[in-house]
There are 2 protein chains.
Amino acid sequence: MGKITGGATRIEDVARVAGVSMKTVSRVFNHEPNVRADTRAKVEAAAKALHYRPNPSARSLAGHRSYLIALVYDNPSASYVMEVISGVLDACEPARYSMMVRPVKLDDRDHVELVAETVAQYAPDGLILTPPLTDDAALLRRLDAQGVRYASISPKTANARLGAHLDERSAVREMMAHIVSLGHRRIAHVKGHRDHGATDWRLAGYRDGLRAAGIAYDRALVVAGEFSFESGAAAAERLLALDAPPTAIFAANDDTAAGIMRVASGQGLRIPRDVSVFGFDDLPMARQLWPALTTVRQPSRAMGRIAAEQLLRAIRGEAAGMVEVPYELRLRDSTGPVPTHPRRR
Amino acid sequence: MGKITGGATRIEDVARVAGVSMKTVSRVFNHEPNVRADTRAKVEAAAKALHYRPNPSARSLAGHRSYLIALVYDNPSASYVMEVISGVLDACEPARYSMMVRPVKLDDRDHVELVAETVAQYAPDGLILTPPLTDDAALLRRLDAQGVRYASISPKTANARLGAHLDERSAVREMMAHIVSLGHRRIAHVKGHRDHGATDWRLAGYRDGLRAAGIAYDRALVVAGEFSFESGAAAAERLLALDAPPTAIFAANDDTAAGIMRVASGQGLRIPRDVSVFGFDDLPMARQLWPALTTVRQPSRAMGRIAAEQLLRAIRGEAAGMVEVPYELRLRDSTGPVPTHPRRR
DNA sequence: CTGTTAGCGCTTTCAT
DNA sequence: ATGAAAGCGCTAACAG
């Protein structure tokens with residue numbers, strides 16, 4: 001019946017068996033100092049024997065803390081969110097925190113209210129924000145006003161003081177160097193959604209890459225997108241119809257790359273023989289595309305874990321900050337040498 | 001700071017302003033009977049004016065219930081789980097319940113212990129199980145022993161008394177009828193993972209479809225799979241190498257279908273001109289495959305919501321059961337008329 | 001380093 | 001239909 005009472009042993013039982021006070025048991029379980037090692041051992045033995053588990057409700061009621069953190073997301077991609085969820089849980093378990101999730105739609109007028117409502121109702125000790133919510137000024141303002149602590153994953157601005165990020169700009173720059181080394185000079189870019197910070201970082205990396213190779217920036221080769229399959233497809237229609245089409249296309253993310261690949265294949269082009277395509281994220285689907293997609297892997301699960309760890313450190317009053325995590329280039333089959341006889345229309 | 005105390009108004013404040021006792025406020029908030037309409041109105045007005053929100057910890061500590069349900073999954077597919085999460089949250093909100101998630105790996109030796117541990121620690125009022133955990137005998141036995149209530153989504157056996165399911169067998173039978181109407185007679189099937197109930201239902205539907213069309217069951221056309229892209233690819237290699245290859249392939253799910261399509265395309269076959277392919281699930285990727293995949297849509301979000309609703313009804317002591325939800329056939333571009341001149345190897 | 005006391009905010013039980 | 005008192009299991013504040 002999920003009853004809490006009944007068989008459940010309480011802190012009092014542990015105290016009696018261990019021959020100490022309730023408060024001492026509490027100290028042991030909360031890793032507080034000022035407990036002799038042998039006392040600690042006695043308590044731990046008693047707790048183990050009795051299968052004692054602190055009651056979370058009592059703990060938070062008496063402690064004026066919820067021991068809860070809320071993950072807020074506007075589902076950019078299911079696999080991304082699932083990875084982040086796993087990472088946050090990885091951090092919560094050893095800290096004896098629990099996690100709740102709060103999906104919101106950035107486009108809904110009242111999304112700030114929805115988050116504020118969750119905060120008011122459940123009083124989480126902190127929030128984890130995923131992009132693009134990390135850069136939603138109205139939301140951040142409200143959270144600051146409410147005095148809610150939050151950690152950001154891949155925020156756009158350097159303002160965010162807590163969380164995890166990846167040097168996307170350098171990652172793209174590095175990937176561009178690889179593409180250039182394959183002989184490409186006409187490299188296009190399909191940008192991400194306006195509101196996402198990643199859009200800017202990835203564009204900056206693209207420009208860095210061009211500059212490093214001494215290639216002029218060509219506006220005609222940079223088209224809008226919105227991190228979606230559909231926007232990739234639309235962008236590809238335009239790019240491939242140019243008089244001098246690109247020999248390589250950098251998609252702002254893997255979904256976009258999938259859309260590009262579909263259109264290119266649909267036009268009878270072979271990848272990478274006729275055109276190279278590369279993305280960013282390394283979603284599971286990247287390996288399932290045909291050919292398998294060259295992309296940048298970001299360790300989403302680790303980023304979720306690290307962001308949560310930093311948040312928990314801040315909650316405990318320990319030093320915490322914004323942590324940079326490493327990326328990896330995944331060079332697969334969707335990129336290859338530049339065509340020797342460029343296609344002309 | 002996420003502080004619970006401080007500005008937070010308590011039930012006592014509401015009682016004072018409304019001029020009633022704490023217990024009456026409690027009655028109103030818990031929808032208990034025996035409150036006069038005007039008293040109820042007074043309480044609601046006071047609560048609204050004070051922005052009162054019951055403290056979840058106090059509520060569950062005093063009430064001996066956690067007002068929490070746990071969603072347990074072994075990530076069959078990220079988008080599936082995300083949909084189910086959304087559905088469960090849809091049901092939780094109006095009921096003032098919260099949801100926690102507990103990912104487990106069926107292959108881990110101790111997965112039953114992990115779930116039992118979560119139950120012992122958080123005392124959720126119930127669990128939601130997703131496949132294939134719905135059919136894990138060891139887990140179910142343990143939960144029954146612990147006296148934990150649970151609702152199942154798409155369980156294999158009809159034993160499950162609570163939850164939501166879909167008539168997968170009829171869905172496949174109906175899809176088969178459509179394929180047969182396109183002229184196909186050599187229809188192959190790539191099965192799902194052994195442990196999943198869906199594997200059996202979908203195979204049964206396939207056989208029903210053959211029988212209805214007067215087509216003999218051909219063992220050579222039914223190959224093992226495990227609901228994955230890779231298993232689909234492997235199965236396709238075998239099926240397409242047959243002396244008399246199938247003209248249509250029913251993949252047990254969309255991931256499998258994607259693997260089949262990749263191999264078929266890789267061999268230079270055109271879909272559906274040379275071979276038709278259809279799946280089951282209607283994941284978002286189904287529309288992004290090229291050509292777009294014909295498949296069966298199951299309303300995962302609604303199923304999550306309904307399973308949670310039934311669970312909550314059972315928790316409240318109301319009548320609840322296993323609810324069947326409707327499916328939809330999504331006829332897209334990966335299926336077409338049977339080739340007039342069948343390929344021969 | 002350890003213990004005592006009070007009380008977190010709510011629901012229960014029992015009374016009226 | 002409504003209320004008063006007790007107490008859920010734990011931690012805070014203080015005492016020693």
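Reckoned from all heavy atoms, side chains included, excluding hydrogens, waters and symmetry mates.
With D/dG3, C/dC10, D/dC10 as the choices, the nucleotide that has an atom nearest any side-chain atom of B/Met22 turns out to be C/dC10.
The ring pair (Phe, Tyr, Trp, His ring centres under 6.0 Å) analysis of residues 130-165 of chain B, with sequence neighbours excluded, yields no pairs. The stretch residues 11-49 of chain A participates, sequence neighbours left out, in these ring pair (Phe, Tyr, Trp, His ring centres under 6.0 Å) pairs: A/Phe29-A/Tyr52.
Within the nucleic acid shown, B/Pro54 comes within 4.0 Å of sugar-phosphate atoms alone, with no base atom in reach, counting heavy atoms only. In this structure, B/Tyr52 reaches the sugar-phosphate backbone alone: every heavy-atom distance under 4.0 Å involves primed, P, OP1 or OP2 atoms, never a base.
Residues passing the side-chain hydrogen bond (donor to acceptor under 3.5 Å, both in side chains) test with B/Glu113 are B/Arg142, sequence neighbours excluded. For A/Asn34, there are no side-chain hydrogen bond (donor to acceptor under 3.5 Å, both in side chains) partners at least two apart in sequence or on another chain. Partners of A/Arg141 under the side-chain hydrogen bond (donor to acceptor under 3.5 Å, both in side chains) rule, at least two apart in sequence or in another chain, do not exist in this structure. For A/Pro103, the side chain to side chain contact (heavy atoms under 4.5 Å, CB included) test picks out A/Tyr73, B/Leu89, with sequence neighbours left out.
A sub-4.0 Å separation between OP1 or OP2 of C/dT2 and a side-chain N or O of A/Asn34 is absent. Applying the 4.0 Å criterion to OP1 and OP2 of D/dA4, one finds that B/Ser21 has every side-chain N and O outside that range. Close to C/dG9, at under 4.0 Å from its OP1 or OP2, lies no side-chain N or O of B/Asn55.
Positionally, the nearest nucleotide of DNA chain D for B/Val20 lies more toward the 5' end than for the other of A/Arg53 and B/Val20.
Here the closest non-hydrogen pair linking A/Met322 and A/Pro155 is CE-CG, 3.7 Å.
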Table please: side-chain donor-acceptor pairs of residues 306-313 of chain B below 3.5 Å, with sequence neighbours left out.
{"from": "B/Glu309", "atom 1": "OE1", "to": "B/Arg305", "atom 2": "NH1", "distance (Å)": "3.4"}
{"from": "B/Glu309", "atom 1": "OE2", "to": "B/Arg305", "atom 2": "NH1", "distance (Å)": "3.2"}
{"from": "B/Gln310", "atom 1": "OE1", "to": "B/Gly321", "atom 2": "N", "distance (Å)": "2.9"}
{"from": "B/Arg313", "atom 1": "NE", "to": "B/Ala319", "atom 2": "O", "distance (Å)": "2.6"}
{"from": "B/Arg313", "atom 1": "NH1", "to": "B/Glu318", "atom 2": "OE1", "distance (Å)": "3.3"}
{"from": "B/Arg313", "atom 1": "NH2", "to": "B/Ala319", "atom 2": "O", "distance (Å)": "3.1"}

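Rounding to whole angstrom units, CZ of residue B/Arg10 and C1' of C/dC10 are separated by 12 Å. Residue B/Glu12 contributes atom CD, which lies 13 Å from atom P of D/dA5 at whole-angstrom precision.
The stretch residues 39-51 of chain B has no heavy atom under 4.0 Å from DNA chain C, so no residue of it qualifies as close.
In the model, B/His111 has no side-chain atom that pairs as donor or acceptor with a side-chain atom of B/Asp74 under 3.5 Å.
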Nucleotide N/O of nucleotides 12-16 of chain D paired with protein N/O under 3.5 Å:
{"from": "D/dA12", "atom 1": "N7", "to": "A/Lys23", "atom 2": "NZ", "distance (Å)": "3.3"}

